[in-house]
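Notes follow once the structure below has been shown.
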Amino acid sequence: MVEKRQLKSARIVVKVGTSTLTHTNGKLNLKAIDQLCYTLSGLVNEGKEVILVSSGAIGVGLGLLGIDERPSSIPQQQAIAAVGQTQLMTVYQRRFAVYGQKIGQILLTHDVVDYPTSHQNVLNTFENLLRLNIIPVVNENDTVAVDELDHHTKFGDNDQLSAIVATMTDADLLIMLSDIKGFFDKNPRKFNDAVLIPSINRIDEETFEKAGGQGTKLGTGGMVTKLKAAQKMLQANKSMILASGENPSIIFKLLQGDPLGTLFQIQK
Ligand SMILES: Nc1ncnc2c1ncn2[C@@H]1O[C@H](COP(=O)(O)OP(=O)(O)O)[C@@H](O)[C@H]1O
Ligand SMILES: N[C@@H](CCC(=O)OP(=O)(O)O)C(=O)O
(Lines give C-alpha, C1' and ligand atoms only; values in the text may rest on other atoms or scores of the structure.)
(Ligands and ions follow the chains in the order given, each with its own letter.)
Protein backbone atom coordinates (compact mmCIF):
# COMPACT_ATOMS: atom_id res chain seq x y z
CA MET A 1 0.00 0.00 0.00
CA VAL A 2 1.26 3.51 -0.86
CA GLU A 3 2.08 5.55 2.21
CA LYS A 4 -0.09 8.62 2.84
CA ARG A 5 1.50 11.99 3.55
CA GLN A 6 0.98 13.64 6.93
CA LEU A 7 -0.17 17.21 6.34
CA LYS A 8 -1.66 20.03 8.37
CA SER A 9 -4.28 21.80 6.28
CA ALA A 10 -6.71 23.85 8.39
CA ARG A 11 -5.69 27.00 6.48
CA ILE A 12 -4.44 26.58 2.93
CA VAL A 13 -3.29 28.84 0.13
CA VAL A 14 -3.81 27.61 -3.43
CA LYS A 15 -1.86 29.26 -6.27
CA VAL A 16 -2.90 28.82 -9.89
CA GLY A 17 -0.80 29.95 -12.82
CA THR A 18 -1.84 31.43 -16.13
CA SER A 19 -1.17 28.10 -17.85
CA THR A 20 -3.82 26.42 -15.66
CA LEU A 21 -6.46 29.09 -16.29
CA THR A 22 -6.05 29.66 -20.02
CA HIS A 23 -5.54 27.51 -23.10
CA THR A 24 -2.57 28.19 -25.36
CA ASN A 25 -4.97 29.84 -27.82
CA GLY A 26 -5.69 32.51 -25.18
CA LYS A 27 -9.21 31.30 -24.32
CA LEU A 28 -10.28 30.59 -20.75
CA ASN A 29 -9.88 27.00 -19.61
CA LEU A 30 -13.44 26.68 -18.34
CA LYS A 31 -13.01 23.09 -17.19
CA ALA A 32 -10.08 24.00 -14.95
CA ILE A 33 -11.76 27.16 -13.63
CA ASP A 34 -14.98 25.30 -12.87
CA GLN A 35 -13.18 22.46 -11.09
CA LEU A 36 -11.11 24.94 -9.12
CA CYS A 37 -14.20 26.84 -7.92
CA TYR A 38 -16.04 23.60 -7.10
CA THR A 39 -13.08 22.20 -5.17
CA LEU A 40 -12.29 25.33 -3.15
CA SER A 41 -15.98 25.83 -2.31
CA GLY A 42 -16.13 22.19 -1.19
CA LEU A 43 -13.16 22.74 1.11
CA VAL A 44 -14.76 25.80 2.71
CA ASN A 45 -17.91 23.72 3.31
CA GLU A 46 -15.70 21.15 5.05
CA GLY A 47 -14.59 23.91 7.43
CA LYS A 48 -11.23 24.78 5.91
CA GLU A 49 -9.94 28.33 5.47
CA VAL A 50 -8.94 28.84 1.84
CA ILE A 51 -7.04 31.63 0.09
CA LEU A 52 -6.66 31.64 -3.70
CA VAL A 53 -3.68 33.35 -5.34
CA SER A 54 -4.59 33.59 -8.99
CA SER A 55 -2.48 34.77 -11.90
CA GLY A 56 -4.11 35.29 -15.26
CA ALA A 57 -4.83 39.03 -15.47
CA ILE A 58 -2.47 39.53 -18.39
CA GLY A 59 -3.24 36.17 -20.03
CA VAL A 60 -7.00 36.68 -19.82
CA GLY A 61 -6.66 40.34 -20.91
CA LEU A 62 -4.68 39.32 -23.99
CA GLY A 63 -7.34 36.73 -24.89
CA LEU A 64 -10.18 39.19 -24.38
CA LEU A 65 -8.50 41.91 -26.46
CA GLY A 66 -7.47 39.43 -29.18
CA ILE A 67 -3.74 40.19 -28.78
CA ASP A 68 -1.45 37.23 -29.56
CA GLU A 69 1.84 38.32 -28.01
CA ARG A 70 2.46 39.77 -24.56
CA PRO A 71 3.78 43.31 -25.33
CA SER A 72 7.14 44.24 -23.83
CA SER A 73 5.98 47.75 -22.84
CA ILE A 74 5.07 47.88 -19.13
CA PRO A 75 2.21 50.45 -19.51
CA GLN A 76 0.68 48.27 -22.21
CA GLN A 77 0.93 45.21 -19.96
CA GLN A 78 -0.67 47.19 -17.15
CA ALA A 79 -3.59 48.21 -19.35
CA ILE A 80 -4.06 44.59 -20.46
CA ALA A 81 -3.91 43.41 -16.83
CA ALA A 82 -6.55 45.98 -15.85
CA VAL A 83 -8.92 44.53 -18.45
CA GLY A 84 -8.02 40.93 -17.68
CA GLN A 85 -8.27 41.22 -13.89
CA THR A 86 -11.87 42.47 -14.14
CA GLN A 87 -12.80 39.65 -16.48
CA LEU A 88 -11.03 37.07 -14.32
CA MET A 89 -12.91 38.19 -11.20
CA THR A 90 -16.20 38.23 -13.08
CA VAL A 91 -15.68 34.64 -14.19
CA TYR A 92 -14.64 33.59 -10.66
CA GLN A 93 -17.59 35.36 -9.06
CA ARG A 94 -20.09 33.69 -11.40
CA ARG A 95 -18.56 30.24 -11.01
CA PHE A 96 -18.12 30.42 -7.23
CA ALA A 97 -21.70 31.70 -6.91
CA VAL A 98 -22.95 28.44 -8.47
CA TYR A 99 -21.58 26.70 -5.37
CA GLY A 100 -22.87 29.39 -2.98
CA GLN A 101 -19.34 30.62 -2.31
CA LYS A 102 -18.50 34.30 -1.77
CA ILE A 103 -15.14 35.78 -2.76
CA GLY A 104 -13.26 39.03 -2.12
CA GLN A 105 -10.49 40.55 -4.24
CA ILE A 106 -7.13 41.46 -2.69
CA LEU A 107 -4.58 43.16 -4.95
CA LEU A 108 -1.16 43.52 -3.34
CA THR A 109 2.10 45.37 -3.84
CA HIS A 110 5.37 44.69 -2.03
CA ASP A 111 4.55 47.60 0.27
CA VAL A 112 2.50 45.20 2.40
CA VAL A 113 5.73 43.45 3.28
CA ASP A 114 7.82 46.61 3.69
CA TYR A 115 5.45 48.81 5.71
CA PRO A 116 4.18 47.43 9.03
CA THR A 117 0.92 49.42 8.94
CA SER A 118 0.09 48.21 5.42
CA HIS A 119 1.06 44.69 6.51
CA GLN A 120 -1.34 44.83 9.44
CA ASN A 121 -4.15 46.32 7.33
CA VAL A 122 -3.89 43.51 4.80
CA LEU A 123 -3.77 40.89 7.53
CA ASN A 124 -6.91 42.35 9.08
CA THR A 125 -8.67 42.07 5.73
CA PHE A 126 -7.58 38.44 5.26
CA GLU A 127 -8.66 37.48 8.77
CA ASN A 128 -12.05 39.12 8.45
CA LEU A 129 -12.76 37.56 5.06
CA LEU A 130 -11.77 34.10 6.34
CA ARG A 131 -13.89 34.52 9.46
CA LEU A 132 -16.88 35.10 7.17
CA ASN A 133 -16.05 31.95 5.11
CA ILE A 134 -15.18 34.15 2.14
CA ILE A 135 -12.33 33.09 -0.16
CA PRO A 136 -9.82 35.95 -0.68
CA VAL A 137 -8.68 35.96 -4.32
CA VAL A 138 -5.23 37.52 -4.49
CA ASN A 139 -3.12 38.89 -7.33
CA GLU A 140 -0.33 41.40 -7.65
CA ASN A 141 -1.70 44.90 -8.22
CA ASP A 142 -0.29 45.14 -11.72
CA THR A 143 -1.50 48.73 -12.22
CA VAL A 144 0.58 50.07 -9.33
CA ALA A 145 3.41 47.57 -8.99
CA VAL A 146 6.18 49.06 -11.11
CA ASP A 147 9.62 49.30 -9.57
CA GLU A 148 11.27 52.70 -9.51
CA LEU A 149 14.81 53.56 -8.50
CA ASP A 150 13.95 54.29 -4.87
CA HIS A 151 10.72 52.37 -4.41
CA HIS A 152 10.27 48.67 -5.11
CA THR A 153 6.64 47.66 -5.19
CA LYS A 154 6.75 44.48 -7.32
CA PHE A 155 6.72 40.92 -6.06
CA GLY A 156 7.77 40.03 -9.59
CA ASP A 157 5.85 36.79 -9.82
CA ASN A 158 2.89 35.14 -8.18
CA ASP A 159 4.83 32.05 -7.09
CA GLN A 160 6.76 34.07 -4.52
CA LEU A 161 3.71 36.22 -3.79
CA SER A 162 1.77 33.05 -2.86
CA ALA A 163 4.51 31.99 -0.41
CA ILE A 164 4.51 35.49 1.13
CA VAL A 165 0.72 35.33 1.49
CA ALA A 166 0.97 31.83 3.02
CA THR A 167 3.59 32.86 5.58
CA MET A 168 2.00 36.19 6.50
CA THR A 169 -1.42 34.59 7.07
CA ASP A 170 0.22 31.66 8.91
CA ALA A 171 -1.31 29.11 6.53
CA ASP A 172 -0.34 25.47 7.06
CA LEU A 173 0.10 24.56 3.44
CA LEU A 174 0.67 26.13 0.02
CA ILE A 175 -0.63 24.14 -2.94
CA MET A 176 0.84 25.35 -6.20
CA LEU A 177 -0.96 24.15 -9.33
CA SER A 178 1.06 24.35 -12.51
CA ASP A 179 1.33 23.05 -16.06
CA ILE A 180 3.62 20.27 -14.88
CA LYS A 181 3.07 17.26 -12.58
CA GLY A 182 5.67 18.37 -10.04
CA PHE A 183 9.40 19.01 -9.71
CA PHE A 184 11.58 16.73 -11.84
CA ASP A 185 15.31 16.00 -11.70
CA LYS A 186 15.56 18.04 -14.94
CA ASN A 187 13.17 19.97 -17.16
CA PRO A 188 10.76 17.30 -18.52
CA ARG A 189 9.91 19.52 -21.49
CA LYS A 190 13.51 19.17 -22.65
CA PHE A 191 14.42 15.71 -21.37
CA ASN A 192 12.22 12.64 -21.95
CA ASP A 193 13.96 10.71 -19.18
CA ALA A 194 13.25 13.32 -16.47
CA VAL A 195 12.04 11.72 -13.22
CA LEU A 196 9.49 13.22 -10.82
CA ILE A 197 10.85 13.90 -7.32
CA PRO A 198 8.04 13.03 -4.84
CA SER A 199 9.46 14.90 -1.87
CA ILE A 200 12.14 17.42 -1.02
CA ASN A 201 13.16 18.50 2.48
CA ARG A 202 15.86 21.03 1.67
CA ILE A 203 16.60 23.37 -1.22
CA ASP A 204 20.15 24.24 -2.16
CA GLU A 205 22.16 25.22 -5.24
CA GLU A 206 21.94 21.68 -6.60
CA THR A 207 18.14 21.88 -6.48
CA PHE A 208 18.17 25.14 -8.44
CA GLU A 209 20.45 23.58 -11.05
CA LYS A 210 17.67 21.10 -11.85
CA ALA A 211 15.28 23.95 -12.76
CA GLY A 212 15.91 24.87 -16.36
CA GLY A 213 14.14 26.89 -18.98
CA GLN A 214 11.56 29.62 -19.10
CA GLY A 215 7.95 29.27 -18.05
CA THR A 216 5.04 29.64 -20.41
CA LYS A 217 4.77 32.69 -22.66
CA LEU A 218 1.91 34.37 -20.76
CA GLY A 219 3.12 33.73 -17.22
CA THR A 220 6.26 34.99 -15.58
CA GLY A 221 7.25 32.19 -13.22
CA GLY A 222 9.03 29.09 -14.45
CA MET A 223 10.48 26.56 -12.03
CA VAL A 224 13.05 28.85 -10.38
CA THR A 225 10.37 31.07 -8.82
CA LYS A 226 8.51 27.96 -7.63
CA LEU A 227 11.65 26.77 -5.86
CA LYS A 228 12.12 30.22 -4.32
CA ALA A 229 8.54 30.01 -3.04
CA ALA A 230 9.20 26.53 -1.63
CA GLN A 231 12.35 27.87 0.04
CA LYS A 232 10.30 30.60 1.76
CA MET A 233 7.83 27.97 2.99
CA LEU A 234 10.55 25.67 4.35
CA GLN A 235 12.24 28.60 6.09
CA ALA A 236 8.93 29.25 7.87
CA ASN A 237 8.65 25.53 8.68
CA LYS A 238 5.63 25.22 6.42
CA SER A 239 4.82 22.84 3.59
CA MET A 240 4.25 23.29 -0.11
CA ILE A 241 3.00 20.87 -2.75
CA LEU A 242 3.64 21.46 -6.44
CA ALA A 243 1.16 19.51 -8.57
CA SER A 244 -0.60 19.50 -11.91
CA GLY A 245 -3.41 22.02 -12.40
CA GLU A 246 -4.92 20.02 -15.25
CA ASN A 247 -7.69 18.79 -12.93
CA PRO A 248 -7.76 21.13 -9.92
CA SER A 249 -9.93 18.63 -8.00
CA ILE A 250 -6.57 16.90 -7.43
CA ILE A 251 -6.51 19.16 -4.32
CA PHE A 252 -8.98 16.78 -2.60
CA LYS A 253 -6.56 13.89 -3.13
CA LEU A 254 -3.56 15.98 -2.05
CA LEU A 255 -5.29 16.89 1.20
CA GLN A 256 -6.07 13.22 1.84
CA GLY A 257 -2.32 12.67 1.75
CA ASP A 258 -2.09 10.96 -1.65
CA PRO A 259 1.55 11.17 -2.75
CA LEU A 260 1.01 13.16 -5.97
CA GLY A 261 3.23 15.96 -7.26
CA THR A 262 6.19 17.10 -5.16
CA LEU A 263 5.93 17.77 -1.43
CA PHE A 264 8.38 20.32 -0.03
CA GLN A 265 8.51 19.75 3.72
CA ILE A 266 11.17 19.77 6.41
CA GLN A 267 11.83 16.24 7.61
CA LYS A 268 9.89 15.61 10.84
N1 LIG B 1 13.08 20.52 -13.05
C2 LIG B 1 11.90 20.90 -13.57
N3 LIG B 1 10.76 20.22 -13.24
C4 LIG B 1 9.56 20.59 -13.74
N5 LIG B 1 9.38 21.67 -14.59
C6 LIG B 1 10.48 22.39 -14.94
C7 LIG B 1 11.78 22.03 -14.44
N8 LIG B 1 12.66 22.94 -14.93
C9 LIG B 1 11.98 23.81 -15.69
N10 LIG B 1 10.64 23.51 -15.71
C11 LIG B 1 9.64 24.26 -16.46
O12 LIG B 1 8.80 25.01 -15.56
C13 LIG B 1 7.49 25.09 -16.13
C14 LIG B 1 6.47 25.52 -15.07
O15 LIG B 1 6.51 26.91 -14.89
P16 LIG B 1 5.42 27.91 -15.58
O17 LIG B 1 5.23 27.53 -17.01
O18 LIG B 1 5.83 29.29 -15.26
O19 LIG B 1 4.10 27.50 -14.80
P20 LIG B 1 2.85 28.36 -14.27
O21 LIG B 1 2.25 29.09 -15.44
O22 LIG B 1 1.96 27.30 -13.71
O23 LIG B 1 3.37 29.31 -13.21
C24 LIG B 1 7.29 23.70 -16.70
O25 LIG B 1 6.32 23.63 -17.68
C26 LIG B 1 8.70 23.38 -17.27
O27 LIG B 1 8.81 23.80 -18.61
N1 LIG C 1 -0.05 39.51 -12.04
C2 LIG C 1 0.27 38.71 -13.21
C3 LIG C 1 1.00 37.49 -12.70
C4 LIG C 1 1.83 36.81 -13.72
C5 LIG C 1 2.41 35.50 -13.20
O6 LIG C 1 3.13 35.43 -12.15
O7 LIG C 1 2.03 34.45 -13.91
P8 LIG C 1 2.27 32.88 -13.60
O9 LIG C 1 3.72 32.57 -13.86
O10 LIG C 1 1.35 32.20 -14.56
O11 LIG C 1 1.87 32.62 -12.16
C12 LIG C 1 -1.02 38.31 -13.92
O13 LIG C 1 -2.05 38.14 -13.26
O14 LIG C 1 -1.01 38.18 -15.15
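In each ligand, atom 1 is the first atom listed, and ligand 1 is the first ligand listed. Keep in mind it's a predicted model, so treat the numbers as computed, not measured.
- At a 4.0 Å heavy-atom cut-off, ligand 1 touches P188 through the side chain alone.
- Listed by number with element, the atoms of ligand 2 under 4.0 Å from a non-hydrogen atom of K15 are 8 (P), 11 (O).
- A distance-only check finds no donor-acceptor pair linking the side chain of S249 to the backbone of T39 [under 3.5 Å].
- Ligand 2 places these atoms under 4.0 Å from at least one heavy atom of G17: 10 (O), 11 (O).
- Each of the atoms 1 (N), 2 (C), 8 (N) of ligand 1 lies under 4.0 Å from some heavy atom of K210.
- Checked by atom type, the side-chain pair D204/T207 shows a donor-acceptor distance below 3.5 Å.
- Salt-bridge annotation for D172 and K238: absent, with no side-chain N of the basic residue lying under 4.0 Å from a carboxylate O of the acidic one.
- Considering backbone and side-chain atoms alike, F184 places an N or O below 3.5 Å from some N or O of ligand 1.
- Salt-bridge check for E127 with R11: passed, with a basic side-chain N closer than 4.0 Å to an acidic carboxylate O.
- Residues forming a side chain to side chain donor-acceptor pair (under 3.5 Å) with D111 (at least two apart in sequence, or on another chain): H151.
- Remark: ligand 2 atoms within the under-4.0 Å shell around heavy atoms of I58 are 12 (C), 14 (O).
- Every heavy atom of A81 sits 4.0 Å or more from the atoms of ligand 2.
- Polar contact with ligand 1: absent for D159 (N/O pair, distance under 3.5 Å).
- Polar contact check, G222 against ligand 1: a nitrogen or oxygen pair lies under 3.5 Å apart.
- Every heavy atom of E209 sits 4.0 Å or more from the atoms of ligand 1.
- One N or O on the side chain of D185 and one on the backbone of V195 form a donor-acceptor pair closer than 3.5 Å.
- With hydrogens and angles left out, the side-chain atoms of Q85 and D142 include no donor and acceptor closer than 3.5 Å.
- A distance-only check finds a donor-acceptor pair linking the side chain of Q77 to the backbone of P71 [under 3.5 Å].
- For ligand 1, the atoms closer than 4.0 angstrom to any heavy atom of K15 are 23 (O).
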Legend entry - Candidate pair T225 and Q160, rule side-chain hydrogen bond (donor to acceptor under 3.5 Å, both in side chains), full reasoning: CA-CA 6 Å; T225 54; Q160 292 182 85; 5.8 Å; no

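- The distance criterion of under 3.5 Å between nitrogen or oxygen atoms is met by D179 with respect to ligand 1.
- Side-chain atoms of K15 and V165, non-hydrogen and from C-beta on, never get closer than 4.5 Å to each other.
- Put simply, CG on L43 and CD1 on I251 are 6.5 Å apart, with the number rounded to the nearest 0.5 Å.
- For residues 109-129, every residue pair satisfying the ring-ring contact (aromatic ring centres under 6.0 Å, His included) rule, not counting sequence neighbours, is listed here: H110-F155.
- For ligand 1, the polar-atom distance check against K226 finds a nitrogen or oxygen pair separated by under 3.5 Å.
- Residue N158 has at least one N or O atom closer than 3.5 Å to an N or O atom of ligand 2.
- I74 places a side-chain heavy atom less than 4.5 Å from the side chain of Q78.
- Residue Q85 places no heavy atom under 4.0 Å from ligand 2.
- Atom numbering of ligand 1 starts at 1 in the shown order; those under 4.0 Å from a heavy atom of A211 are 8 (N).
- When heavy-atom distances to ligand 1 are checked against a 4.0 Å cut-off, R189 comes that close only through its side chain, counted from C-beta outward.
- For G182, the heavy-atom gap to ligand 1 drops under 4.0 angstrom.
- On a distance-only criterion, S54 and ligand 2 share no N/O pair closer than 3.5 Å.
- Ligand-side atoms of ligand 2 in range of D142: 1 (N), 2 (C), 12 (C), 13 (O), range being under 4.0 angstrom from any heavy atom.
- Contacts of T18 with ligand 2, taken as heavy-atom pairs under 4.0 Å, involve both backbone and side chain.
- By the criterion of a heavy-atom distance under 4.0 Å, the side chain of N139, and not its backbone, is placed next to ligand 2.
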Inset, instruction - May I have the step-by-step check of side-chain hydrogen bond (donor to acceptor under 3.5 Å, both in side chains) for K48 and S9, ending in yes or no? - result: CA-CA 8 Å; K48 294 199 185 292; S9 61; 3.1 Å; yes

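- Inclusion of A57 in the set of residues having an N or O under 3.5 Å from an N or O of ligand 2 is warranted.
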